[in-house]
Amino acid sequence: GNRSPSVVTHNCVLNVIASSKLSDSGARAQAILDRMEVADAVSYNTVVKAWANSGCGDKAMKARDILNKMIKRADMPRPDIFTFNSVLNACASSTTDHVGAFQIAMETFQLMKQSNHVRPNEFTYSTLLKACATLLPIGEERTTLTAQIYSECERNGCLSDPVLRMLRSSLSEDEFVHIVGLE
């Protein structure tokens with residue numbers, strides 16, 4: 001008979017697209033998601049990942065829009081740690097509208113902290129530090145925000161090598177030594 005592809009089949013195709021890092025991978029994955037009769041959390045998360053990996057100028061906004069729908073609509077899967085972290089990754093890897101992408105990153109982080117079922121993890125903090133490093137100009141604001149994120153990460157028991165490496169790459173040696181408390 002004429003059977004339509006299953007959610008698992010669609011998710012496999014979405015994952016191939018998301019992993020391809022083609023400049024239009026977000027739009028391609030979104031088009032498939034929009035045609036799916038049934039989609040699960042993996043479907044939505046994979047499309048957010050596709051936007052993050054795409055070359056789309058407004059990928060942070062596109063990823064955030066999916067997250068917002070997942071939060072607001074009862075008929076959609078609830079966002080998980082992967083959803084939030086993928087939106088943060090879309091922001092951190094944005095090459096246009098740094099101010100807008102950073103604002104979305106901070107809003108996403110706040111939404112995550114307000115959530116009853118998701119807590120920031122080491123990937124959250126390292127990606128947020130990457131967003132500071134790539135989206136904010138060198139200066140006092142960047143140093144202050146980076147220090148605040150590091151401090152919160154430490155308080156929440158999420159320090160790891162990737163977090164420290166990202167912290168180190170986003171600060172001067174003196175700032176790093178001061179913030180980490182090595183002096």
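Numbers for residues simply follow the sequence, beginning at 1.
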Do [X] and [Y] sit in one hydrophobic cluster, given that two such residues count as connected whenever their side-chain heavy atoms are within less than 4.5 Å of each other, even indirectly?
| X | Y | result |
| --- | --- | --- |
| M112 | I71 | yes |
| V7 | F82 | no |
| F176 | M166 | yes |
| M61 | V47 | yes |
| M36 | W51 | yes |

State, to 0.1 Å, how close [X] and [Y] come at their nearest heavy-atom pair, and which atoms those are.
| X | Y | answer |
| --- | --- | --- |
| A90 | S94 | O-OG, 2.9 Å |
| T83 | V48 | O-CG1, 4.1 Å |
| A92 | T134 | O-OG1, 2.9 Å |
| N53 | A18 | ND2-O, 2.8 Å |
| K59 | S54 | NZ-O, 3.0 Å |
| T146 | S170 | CG2-OG, 4.0 Å |

Can you give each donor-acceptor pair under 3.5 Å made by side-chain atoms of residues 97-107, sequence neighbours left out, with the distance rounded to 0.1 Å?
residue: D97; atom: OD1; partner: G100; partner atom: N; Å: 3.0
residue: Q103; atom: NE2; partner: E107; partner atom: OE2; Å: 3.1

Does Q110 have more than 12 heavy atoms from other residues, nucleotides or ligands lying within 6.0 Å of its CD?
yes
Sub-4.5 Å side-chain heavy-atom contact between [X] and [Y]:
| X | Y | value |
| --- | --- | --- |
| L14 | I32 | yes |
| T124 | C158 | no |
| N68 | L111 | yes |
| R78 | V118 | no |

- Message: Treating T96 as the side-chain partner and G57 as the backbone partner, does any N or O pair qualify as donor plus acceptor under 3.5 Å?
- Response: yes
Got a donor-acceptor contact below 3.5 angstrom from the S19 side chain to the N15 backbone? yes
Measure the [atom1]-[atom2] distance between [X] and [Y] for me, rounded to the nearest 0.5 Å.
| X | Y | atom1 | atom2 | result |
| --- | --- | --- | --- | --- |
| C153 | L159 | SG | CG | 4.5 Å |
| D174 | T143 | CG | OG1 | 11.0 Å |
| T108 | L88 | OG1 | CG | 5.5 Å |
| L129 | Y150 | CG | OH | 10.5 Å |
| L171 | I179 | CG | CD1 | 4.5 Å |
| L67 | K72 | CG | NZ | 9.0 Å |

Residues pairing under ring-ring contact (aromatic ring centres under 6.0 Å, His included) where one sits in residues 117-142, two or more places apart or in two chains, turn out to be F109-Y125
With distance as the sole criterion, is a donor-acceptor pair present between the side chains of [X] and [Y] under 3.5 Å?
| X | Y | value |
| --- | --- | --- |
| R165 | S169 | no |
| E175 | S172 | yes |
| N156 | N121 | no |
| N89 | S86 | no |

Practice item. Please step through side chain to side chain donor-acceptor pair (under 3.5 Å) for the pair T9 and S6, ending with a clear verdict. Key: CA-CA 5 Å; T9 303; S6 70; 3.1 Å; yes
From CA spacing to verdict: side chain to side chain contact (heavy atoms under 4.5 Å, CB included), N45, M70 = CA-CA 10 Å; N45 285 343; M70 291 174 78; 4.2 Å; yes
Look at K113 together with E152 and state whether they make a salt bridge at an N to O cut-off of under 4.0 Å. yes
Going through the distances and angles, do V180 and R168 end up as a side chain to side chain contact (heavy atoms under 4.5 Å, CB included)? CA-CA 10 Å; V180 177; R168 178 64 198 99; over 6 Å; no
